[in-house]
Structure formats: structure tokens, C-alpha cells
Amino acid sequence: MPKNVLVTGSSGLIGSEAVEHFDRQGCRVFGIDNNMRRVFFGAAGDTLWNLRRLQAATKSFTHTDIDIRDRTGLEGLFRRQRFDLITHCAAQPSHDKAREIPIVDFEVNALGTMNLLEATRQHSPEAVFAFISTNKVYGDAPNEIPLSELATRWDYARAEDYAGIDETCRIDRTLHSLFGASKAAADLVAQEYGRYFKMNVGIFRGGCLTGPSHSGVELHGFLSYLVRQTLTGGAYSVFGYKGKQVRDNIHSHDVVTAIEAFAANPRPGEVYNMGGGRGNSVSMLEAIEKIEALAGRKLKRNYVDENRVGDHICYISNLAKFQAHYPGWKITRPLDEILEEMVAFQRAQMRRSPAG
Ligand SMILES: NC(=O)c1ccc[n+]([C@@H]2O[C@H](COP(=O)([O-])OP(=O)(O)OC[C@H]3O[C@@H](n4cnc5c(N)ncnc54)[C@H](O)[C@@H]3O)[C@@H](O)[C@H]2O)c1
């Protein structure tokens, strides 16, 4: 078990789950988060509530609000403290947002990751470094796979694609969005620190990562935002593909246990797709129906004919490579349980602060 764990983006969905998990295991956990999610997405993206929750719930957690773009600030932290595990979750996470702020997006996602990798190489070269990348590094290449239109979802037409997209999918000559490009830059640099410098770097290309601690907003965190809009009576827009676009959803807990498995037996520079897999896949129409049933009310939805630029039509992560390398790991939270937990969590939050 790592002794000293650094978590970047520690007030976010995955970061906060990592903080709690490693704190429970008896590690000393150091978190970096400057609440930049609020800058990206406004008040609904504010993560301070989650920081306060963590501070109350943990035993050995220290938070600093360093910006990962601030090389000097990072250098100071890494000089003061040696780390055994770095879980890098801080990011500008939305592809729609990136087109409004392309330079900030690149600075946070690409340069911020480079800053952390280099600080690790200089000061904690033996550490395991887990980088949360994204399936957007594949751009819209997954849309080239032949699909069948079913009643409520698109699905892969050929038997060989059934288990989903694996890591051999190409990452160039495809439409990424600026976000996909900044994450792909970070993904490649992270691979290089593993392959070239032989550091213990692992790259996890996320499908839809989800869980109760998401400060869900329209531009990022689709299930969390869908639950919120259904519970509060807010409007929700479905963009294109007849609402039959498919995402695979993984609970933040299962992402963190994958990182833990990698940390116990790291494979330098390895890339893994990390999502909920076929079992946790759902289309927009199916998700709405499930959430409406749990919430006991209808969502006010409208349909916009045009899909989001480069949006995946059907994306299911093939988990076979990670499962072959780490056979002890598996998905433990089925989709229905994830949704039930999210509805209960957001209901409780609404009771505590009815205006929010
Ligand atoms: N949530 C998803 O569906 C999803 C899917 C694929 C990949 N990912 C990736 O997983 C990682 C974690 O995503 P998440 O859903 O937890 O995001 P999140 O927005 O909930 O958390 C990210 C945290 O990083 C912080 N942050 C942003 N910029 C920062 C900066 N410059 N310095 C310090 N802190 C900063 C934010 O305030 C936020 O709390 C990201 O790299 C994201 O790209 C997420």
C-alpha cells in the first residue's frame, strides 16, 4: 500500500473518491484542487462542498489549492514531500467547453500534466503515476464501426465489436474536439514518461465516469446532470442521434480500485480503456426512462436535431486488456445501483439546501 498519495483534482468526482479510498487504507493523502471547475462551469460546478465533505470525513488528508499550471507551486510541494502514488485527475473535462477556452484547456490538460510528470521525475521518480485520460483521444474514429439501430439504442452490428472499443483504436486522423486533442497530447506525453524514462506511469482512458460526488453541469457529467434536472424539474436537451447514443458508465469507486491494482503492480507506459463495459452501457433514452422511474417524475426534455461535434454514437469500453493484466479487478457497481445512489444522494442534498 502506498504511504504518501498525491491526488490532483481532489475535490472532483474521481479525485475525491481517491482521497477517501486511500485515506481509509491508512495512507497520508495530499490533495491539489483550486476549484477551477467553478471557473469553467459557474456556480453549479463549484466543488467546495465536496472539499468540506472530505475534510470532515477523512483522517489524514491535507489540501492545497495549487493550480497545476503553476510549475513553481508544484515544485515547492514536490520538494517538501516525496510521493509513492500520484493520481492525476485535475482537468478541464468538457469537450464543448474547450472550444470557448482552447488555450486554457491546453494549458490545464496538456501542460498541467507535463508539469506533474516532470515534477515526479525530478523528485519522486519511483512513484506510480496514474493519469486519467479519456476515450475522446480516439476522436470520432469509433463512429466508423458499423452500427445497427435498435428500438432504444444504437449498437455494434458485428459480433467482433460486441465487447466494445479496445486500445488498438487509432488516435490520429480523427476529429477529437480541442479537448480530445489536449488530452491526447497529455496521454502521449504520459506514455513517454513510462516508455522512455521507464517510470511507473499508467494511462486510463475513461468512458463515462460517474458517481454521487460529481458536481454535474450541462457540459460535463451527463448522468449526474440528468438526475439533477429530473429531480428539480429543470429542462434537458438531447443532442442528435435520436437520443439513442450509448455510453458506458463506471462508478468512481471502480476507477479508483483499478488505479490501486495498477499501483500494486505497475506496468510502465501501459494504456487501458476504463469504463463500465457492456454491462453498464445505456443509451440516452434508456437512461432517461430509468431515472424518471427512480425520481417518480418526468424529465422536461427537448430534442435538438444536430449532434454535438464529434460525439460518439455508440461507445462501450472493452475492458479485456485491463482484466487480463489485473484479474483481481472487476466492476462492482452495476448501472441500476449507480443511478439509485445518485438519485438518493441528490435528493438528500436538495433537502439540505433546497435553493441549490
Ligand atoms: N467524468 C467523466 O465522465 C470523464 C470521462 C473521461 C475522462 N475523464 C477524466 O477524468 C479526470 C477526472 O474527471 P472528473 O470527472 O473527476 O472531473 P471533475 O471536474 O469532477 O474534477 C476535476 C477537478 O480538477 C480541478 N481542477 C481543474 N483545473 C485545475 C487546475 N488547473 N489546478 C488544480 N485543480 C484543477 C477542478 O476544480 C475539479 O475539482 C479528468 O482528467 C477527466 O478528463 C472524466
Side-chain angles (χ1 to χ4, degrees), residues 6-19 30-42 44-51 53-54 63-71 73-74 77 87-95 97-98 101 103-116 130-138 177-187 190 203-217 219-226 247-253 255-256 258-259 272-276 280 312 315 317 338:
L6 175 66
V7 178
T8 73
S10 51
S11 309
L13 169 73
I14 302 301
S16 62
E17 185 82 47
V19 168
F30 300 81
I32 294 180
D33 200 306
N34 65 350
N35 198 19
M36 203 158 173
R37 191 171 169 92
R38 185 188 169 102
V39 178
F40 299 142
F41 304 120
D46 196 311
T47 56
L48 280 181
W49 66 273
N50 207 15
L51 171 60
R53 187 184 67 78
L54 287 177
H63 171 259
T64 357
D65 65 358
I66 301 173
D67 186 324
I68 60 165
R69 295 172 299 174
D70 171 10
R71 252 199 304 276
L74 287 179
L77 175 70
T87 302
H88 173 33
C89 312
Q92 189 300 104
S94 156
H95 62 153
K97 186 71 197 175
I101 51 164
I103 291 183
V104 174
D105 173 80
F106 197 84
E107 284 175 345
V108 173
N109 288 350
L111 198 55
T113 301
M114 180 87 192
N115 290 342
L116 283 156
F131 169 54
I132 315 293
S133 182
T134 168
N135 61 15
K136 300 292 183 315
V137 301
Y138 300 124
S177 81
L178 270 303
F179 162 74
S182 66
K183 292 290 282 192
D187 184 304
I203 293 102
F204 297 81
R205 294 180 174 160
C208 273
L209 316 182
T210 194
S213 308
H214 222 177
S215 307
V217 292
L219 294 185
H220 185 245
F222 107 92
L223 280 184
S224 166
Y225 186 66
L226 198 51
R247 301 287 178 267
D248 68 328
N249 302 278
I250 181 169
H251 193 283
S252 42
H253 171 78
V255 177
V256 172
I259 292 170
Y272 299 104
N273 287 350
M274 185 49 57
N280 273 8
H312 292 148
Y315 191 94
S317 310
I338 293 176

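Both ligands and their constituent atoms are indexed starting at 1 by order of listing. Bear in mind the structure is a predicted one, so any value in this text is a computation, not a measurement.
For S133, every heavy-atom contact with ligand 1 shorter than 4.0 Å involves the backbone, none the side chain. With a heavy-atom cut-off of 4.0 Å, V108 touches ligand 1 through its side chain alone. Contact annotation: for R38 versus ligand 1, there are no heavy atoms closer than 4.0 Å. Neither the backbone nor the side chain of N50 has any atom closer than 4.0 Å to an atom of ligand 1 (non-hydrogen atoms only).
Distance from atom 12 (C) of ligand 1 to its nearest protein heavy atom, with residue and atom name: C89 O, 3.2 Å. Residue, atom and distance of the protein heavy atom nearest to atom 16 (O) of ligand 1 are I14 N, 3.0 Å. Considering only non-hydrogen protein atoms, atom 28 (N) of ligand 1 sits nearest to M36 CB, 3.4 Å. When hydrogens are left out, the protein atom nearest atom 17 (O) of ligand 1 is H220 CE1, 3.9 Å; that is the closest non-hydrogen contact. Closest protein heavy atom to atom 21 (O) of ligand 1: G12 CA, 3.3 Å. Among protein heavy atoms, atom 15 (O) of ligand 1 sits closest to H214 NE2, 3.1 Å. Atom 4 (C) of ligand 1 has L209 CG, 3.5 Å as its closest protein atom, hydrogens excluded (heavy atom only). Annotation: atom 27 (C) of ligand 1 to nearest protein heavy atom, A91 O, 3.4 Å.
The structure places CG of D33 at 10.0 Å from OG1 of T64, a figure rounded to the nearest 0.5 Å. Within the model, atoms NE2 of H88 and CD1 of I132 stand 9.0 Å from one another, a figure rounded to the nearest 0.5 Å. We find the OG-CG distance between S224 and L13 to be 8.5 Å, quoted to the nearest 0.5 Å. Atom CG of residue L6 and atom CG of residue L116 lie 7.0 Å apart, to the nearest 0.5 angstrom. Put simply, CD1 on I32 and CD1 on I68 are 8.0 Å apart, with the number rounded to the nearest 0.5 Å. Here T210 contributes atom OG1 and L223 contributes atom CG; the two are 4.5 Å apart, rounded to the nearest 0.5 Å.
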Checklist entry - How far apart are the C-alpha atoms of R205 and V137, what are their side-chain angles, what is the distance that settles it, and do they pass the side chain to side chain contact (heavy atoms under 4.5 Å, CB included) test? => result CA-CA 8 Å; R205 294 180 174 160; V137 301; 3.4 Å; yes
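Residue N35 approaches ligand 1 through these ligand atoms, each under 4.0 Å from one of its heavy atoms: 37 (O). Taking every heavy atom of D67 and a limit of under 4.0 angstrom, the matching atoms of ligand 1 come to 30 (C), 31 (N), 32 (N). Atoms of ligand 1 found under 4.0 Å from any heavy atom of C208 (numbered from 1 in listed order, with element): 3 (O). Atoms of ligand 1 lying under 4.0 Å from at least one heavy atom of P93, given by number and element, are 19 (O). Listed by number with element, the atoms of ligand 1 under 4.0 Å from a non-hydrogen atom of G206 are 6 (C). Of all atoms in ligand 1, numbered sequentially from 1 with element shown, those under 4.0 Å from a heavy atom of N34 are 26 (N), 29 (C), 30 (C), 31 (N), 32 (N), 33 (C), 34 (N), 35 (C). Below 4.0 Å from some heavy atom of I66 lie the following atoms of ligand 1, by number and element: 32 (N), 33 (C). Atoms of ligand 1 found under 4.0 Å from any heavy atom of T47, numbered from 1 in the order shown, are 39 (O).
Distances shorter than 4.0 angstrom occur between a heavy atom of S11 and an atom of ligand 1. Within the 4.0 Å heavy-atom shell around ligand 1 one does not find D65. A heavy-atom separation below 4.0 Å is not found between G112 and ligand 1. Assignment of S252 to the shell around ligand 1 is not supported, since no heavy atom sits closer than 4.0 Å. In this structure, K136 does not count as a contact residue of ligand 1, since none of its heavy atoms falls inside 4.0 Å of the ligand.
Judged by distance alone, with hydrogens and angles left aside, the side-chain atoms of R69 form no donor-acceptor pair with the main-chain N or O of N115 at under 3.5 Å. Looking at S177, its side chain does come within 3.5 Å of a backbone N or O of G180 through a donor-acceptor pair. Remark: side-chain polar atoms of N34 are not paired, donor with acceptor, to backbone N or O of D67 under 3.5 angstrom. Counting only distance, with no hydrogens or angles, the side chain of N280 and the backbone of N249 share a donor-acceptor pair below 3.5 Å. No donor-acceptor distance shorter than 3.5 angstrom exists from the side chain of H253 to the backbone of E17, with no hydrogens or angles considered.
Taking distance alone, with nitrogen or oxygen atoms compared against 3.5 Å, K183 approaches ligand 1 more closely than that limit. For R37, a nitrogen or oxygen atom sits less than 3.5 Å from a nitrogen or oxygen atom of ligand 1, counting backbone and side chain alike. The N/O atoms of F179, backbone and side chain alike, include none that comes under 3.5 Å of an N/O atom in ligand 1. Checked by distance only, ligand 1 and I68 come closer than 3.5 Å through their nitrogen or oxygen atoms. In terms of polar-atom proximity, defined here as any N/O pair under 3.5 Å, L13 does make such a contact with ligand 1. Where the criterion is an N or O separation shorter than 3.5 Å, residue side chain and backbone included, T134 fails it with respect to ligand 1. For ligand 1, the polar-atom distance check finds no N/O of R69 at less than 3.5 Å from any of the ligand's N/O atoms. Considering backbone and side-chain N/O atoms, I132 comes within less than 3.5 Å of an N/O atom of ligand 1.
In this structure, T8 and A90 approach most closely via the heavy-atom pair OG1-N, 3.0 Å. Contact detail for A91 and F40: the closest heavy-atom pair is O-CE1, 3.6 Å. In this structure, G276 and I250 approach most closely via the heavy-atom pair N-CB, 3.5 Å. In terms of heavy atoms, S252 sits closest to G211 at OG-CA, 4.2 Å.
The side-chain contact (heavy atoms from CB on, under 4.5 Å) test applied to S182 returns D105, F106, N109, not counting sequence neighbours.
The heavy atom nearest to atom 5 (C) of ligand 1, considering only S213, G207, G45, is found in G207. The option from D70, D33, V104 that lies nearest to atom 38 (C) of ligand 1, judged by heavy atoms, is D33.
Within 6.0 Å of CZ on R53 lie more than 12 heavy atoms contributed by other residues, nucleotides or ligands.
For the 3.5 Å distance criterion, the side chains of N135 and N273 fail to qualify, holding no donor opposite an acceptor.
Between Y138 and Y315, the ring planes are parallel. Angles under 30° get that label, and only those over 60° would be called perpendicular.
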